[in-house]
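Data first, discussion second: the structure below is written as structure tokens.
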Amino acid sequence: MNQSDFVAELSWRGMVHQTTEGLPAHMATPGRVAYAGFDPTADSLTVGNLVSAMLLARLQRCGHKPIVVMGGATGLIGDPSGKSSERQLLDPAQVKKNVAGQRKIFEKLLDFTGPNAAVIVDNAEWLLKMGYIEVLRDIGKHFSVNQMVTRDSVANRLESREQGLSYTEFSYMILQAYDFAHLFKAHGCTVQMGGSDQYGNILSGIDLIRRLSQGEGFGLTAPLLLKSDGTKFGKSESGNVWLSAERTSPYRFHQFWLNASDEEVGKLLRWFTFFDRATIEALEAAQKANPSERAAQKALADAATEMIHGSAEVARAKTAALALFSGDIRALDAQLLAEVTHDLTSTSIAASSLDGDGVALLDFLATTPLAASKREARDFLAAGAVSVNGEKAVADAKLTRADVLHGAVILLRRGKKQWHAVRVADEAAR
RNA sequence: GGGCGGUUACUCAAGCGGUCAACGAGGGCAGACUGUAAAUCUGCUGGCUUAGCCUUCGGAGGUUCGAAUCCCCCACCGCCCA
């Protein structure tokens with residue numbers, strides 16, 4: 001990749017929403033330092049955060065130096081941008097733990113060695129040391145309240161009678177601006193990147209750099225990532241899609257990308273893979289020519305999963321999917337069965353209860369997450385929504401020893417994608 | 001402080017003494033069709049031992065054979081006047 005084409009690279013990928021003036025020329029010189037901020041509100045990141053993370057990763061591949069700023073201090077407060085209600089304040093110990101968890105993910109995306117080694121810093125390092133009077137005197141005087149209240153994020157909250165805006169949140173933009181100014185001085189960082197909702201905060205930072213250091217800062221924002229139906233990206237049926245295996249298994253992660261719609265798969269390939277333009281366009285053409293093959297979705301799912309979880313997990317995810325969706329479950333060997341069921345929710349059942357007539361599926365379903373109540377279980381069974389080991393179950397079905405696979409487990413499914421493992425407890429252990 | 005209006009299931013929102021487990025819309029779930037999709041169509045969406053029963057309509061009392069619906073008190077929200 002040519003070292004000078006960072007902005008051009010992002011442009012064809014559709015990842016540029018706005019840039020400040022002069023940014024393309026500024027980035028033409030290799031070795032620039034840029035940062036993006038992340039809130040330590042959880043011990044992991046979601047695919048929503050992946051947008052900013054990918055900006056940093058691409059930056060580094062273009063010969064620049066990325067800085068990850070963890071909002072260890074600002075996370076204690078919460079950014080009002082794009083939020084309609086006051087944020088819960090985080091406990092400092094929790095923030096510390098979250099910062100550590102997120103660091104592990106960045107280590108997969110960025111190179112922390114070499115001349116452009118990525119750096120992770122926590123704004124608690126400099127913000128917590130500052131005294132209140134010092135902030136007011138040295139930083140606050142550079143901000144005009146008149147200007148601050150005209151910002152959309154603030155104005156919306158001021159108009160909303162129900163929510164209001166606390167002084168704490170109001171001050172957030174000052175702190176973020178100071179982050180940029182601090183990084184400019186301490187790390188020679190001249191560029192801040194983020195989502196489009198961060199543009200205002202970025203401009204404040206550039207302004208502060210000019211006032212405090214008579215220096216020049218730049219900014220770049222990526223478009224907000226929305227699904228084609230306008231809903232928020234990064235949620236699946238089972239909630240948020242996380243980037244750590246503990247929170248979202250590699251199998252589910254792989255499935256998330258595989259289920260991308262035809263309309264958005266091209267965009268997702270551009271944003272979240274390192275494929276070049278020709279490769280992506282070829283995938284899109286293949287997708288269009290033969291939609292049911294889902295070549296583009298498969299390439300996307302494999303590439304994204306490999307990036308976050310490694311190629312071994314890609315193989316496992318694909319094997320599991322093949323077995324669950326098209327394979328004969330009874331034909332799986334014990335090893336593969338164990339892998340497939342590893343991620344699923346599970347319920348234990350005593351082996352003895354499966355003797356003779358066994359246990360009524362209707363009653364049992366209500367004890368699993370597949371059905372919230374017995375009445376719901378009845379509905380599902382009547383609709384033919386439940387299958388046992390891949391075979392559709394009848395309403396008065398019983399679970400017996402004949403259903404147990406490899407002496408260990410029975411696989412239940414509700415609807416198309418809700419799986420549940422019934423683990424048969426070993427009699428001898430009792 | 002005074003006057004008025006409101007508080008209904010995940011959300012919005014009807015109901016204004018029995019026919020109300022509560023119209024409708026959205027969302028969610030399931031089925032058919034499909035590509036583990038979209039669109040469309042159908043069903044379900046308080047619980048159960050399901051032709052029935054039980055618990056729900058801001059909270060606590062009361063009137064009544066019977067209340068989400070009427071009365072009283074309390075809490076919260078909104079609008080108007082001071």
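Just so we're on the same page: letters track the sequence lines, and every chain starts at 1. Remember, predicted model here, so these are calculated numbers, not experimental data.
- Of the candidates B/U36, B/A30, B/U49, B/U36 carries the atom nearest the A/Asn259 side chain, counting heavy atoms from C-beta on.
- Listed by first and then second residue, the side chain to side chain donor-acceptor pair (under 3.5 Å) pairs that reach into residues 306-324 of chain A are A/Asp302-A/Lys318, sequence neighbours excluded.
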Could I get a table of every N or O pair under 3.5 Å where one atom is in the protein and the other is in nucleotides 54-56 of chain B?
none

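- The side chain of A/Pro291 approaches B/G35 more closely than any other nucleotide in the set B/A32, B/G35, B/U36.
- Closest to the side chain of A/Ala383, out of B/U49, B/U45, B/G31, is B/G31.
- In this structure, of B/A30, B/U49, B/C44, it is B/C44 that holds the atom nearest to the side chain of A/Asp379.
- Taking the P atom of each, B/C70 and B/G6 are spaced 10 Å apart, rounded to whole Å.
- Nucleotides B/A51 and B/C23 have their C1' atoms positioned 24 Å apart, rounded to a whole Å.
- Distance A/Leu381 CG to B/C29 P: 19 Å, rounded to the nearest Å.
- In this structure, B/A22 makes no Watson-Crick or G-U wobble pair, since no nucleotide meets both defining distances under 3.5 angstrom.
- Base pairing of B/A75 is made with B/U7, judged by Watson-Crick or G-U wobble geometry with both donor-acceptor distances under 3.5 Å.
- B/A68 and B/G58 are spaced 12 Å apart, taking the C1' atom of each and rounding to whole Å.
- Side-chain atoms of A/Leu50 and A/Trp271, non-hydrogen and from C-beta on, never get closer than 4.5 Å to each other.
- The separation between A/Trp419 atom CH2 and B/C29 atom C1' is 18 Å, rounded to whole Å.
- Nucleotides B/C10 and B/C80, compared at atom C1', are 34 Å apart to the nearest Å.
- A/Val68 pairs with exactly one of A/Val121, A/Leu110, A/Val119 by the side chain to side chain contact (heavy atoms under 4.5 Å, CB included) rule, that one being A/Leu110.
- Look at CZ on A/Phe380: it is 12 Å from P on B/U45, rounded to the nearest Å.
- Of all nucleotides present, none satisfies the Watson-Crick or G-U wobble test against B/U55 with each distance under 3.5 Å.
- With a cut-off of 3.5 Å on both Watson-Crick or G-U wobble distances, the partner of B/U40 is given as B/A32.
- Across the interface with RNA chain B, nearest-nucleotide mapping of A/Asp363 and A/Lys392 shows A/Lys392 to be the residue nearer the 5′ end.
- Between A/Lys416 and B/G35 there is no side-chain polar atom (N or O) within less than 4.0 angstrom of OP1 or OP2.
- Rounded to an integer number of Å, the gap from A/Leu365 CG to B/A30 P is 13 Å.
- For the atom pair CZ (A/Arg58) and CZ (A/Arg13), the distance works out to 4.0 Å, reported to the nearest 0.5 Å.
- Whole-Å rounding puts the A/Gln297 CD to B/A37 C1' distance at 8 Å.
- Note on A/Asp262: a base of the nucleic acid sits closer than 4.0 angstrom, heavy atoms only.
- Taking only side-chain nitrogens and oxygens, A/Lys318 never comes nearer than 4.0 Å to OP1 or OP2 of B/U36.
- For A/Arg375, a side-chain nitrogen or oxygen approaches OP1 or OP2 of B/G47 to under 4.0 Å.
- Going from atom CZ of A/Arg413 over to atom P of B/C29 covers 16 Å, rounded to whole Å.
- Taking side-chain N and O atoms only, A/Ser373 has a distance below 4.0 Å to OP1 or OP2 of B/C48.
- Expressed to the nearest 0.5 Å, how far CD1 of A/Ile410 lies from CG of A/Leu399 amounts to 4.5 Å.
- Comparing the P positions of B/G31 and B/G18 gives a spacing of 40 Å, expressed to the nearest Å.
- Rounded to whole Å, the C1' atom of B/G24 lies 25 Å from the corresponding atom of B/C77.
- Surrounding CG of A/Asp357 are at most 12 heavy atoms belonging to other residues, nucleotides or ligands under 6.0 Å away.
- Comparing A/Glu376 and A/Leu258 against RNA chain B, the residue whose closest nucleotide sits nearer the 5' end is A/Leu258.
- Base pairing analysis places B/G1 opposite B/C81; the two distances defining the Watson-Crick or G-U wobble pair are each below 3.5 Å.
- Residue-level contact check: A/Glu293 touches neither bases nor backbone, having no heavy atom under 4.0 Å from any strand.
- As a whole-Å value, the separation of A/Leu370 CG from B/G28 C1' is 16 Å.
- Enclosure of atom NZ in A/Lys108 by more than 12 non-hydrogen atoms of other residues, nucleotides or ligands within 6.0 angstrom is indicated.
- Across the P atoms, B/A60 and B/C74 are found 16 Å apart, a figure rounded to whole Å.
- Summarising the local packing, CD of A/Glu107 is surrounded by more than 12 heavy atoms from other residues, nucleotides or ligands at distances under 6.0 Å.
- We find that CZ of A/Arg378 is positioned 15 Å from C1' of B/U45, with the value rounded to whole Å.
- The heavy-atom pair separating A/Ala393 from A/Leu381 by the smallest distance is CB-CD2, 4.4 Å.
- Counting heavy atoms from C-beta outward, A/Arg413 and A/His420 have side chains that stay 4.5 Å or more apart.
- Judged by Watson-Crick or G-U wobble contacts below 3.5 Å, the nucleotide B/A13 has no partner.
- B/C65 and B/C16 are spaced 23 Å apart, taking the P atom of each and rounding to whole Å.
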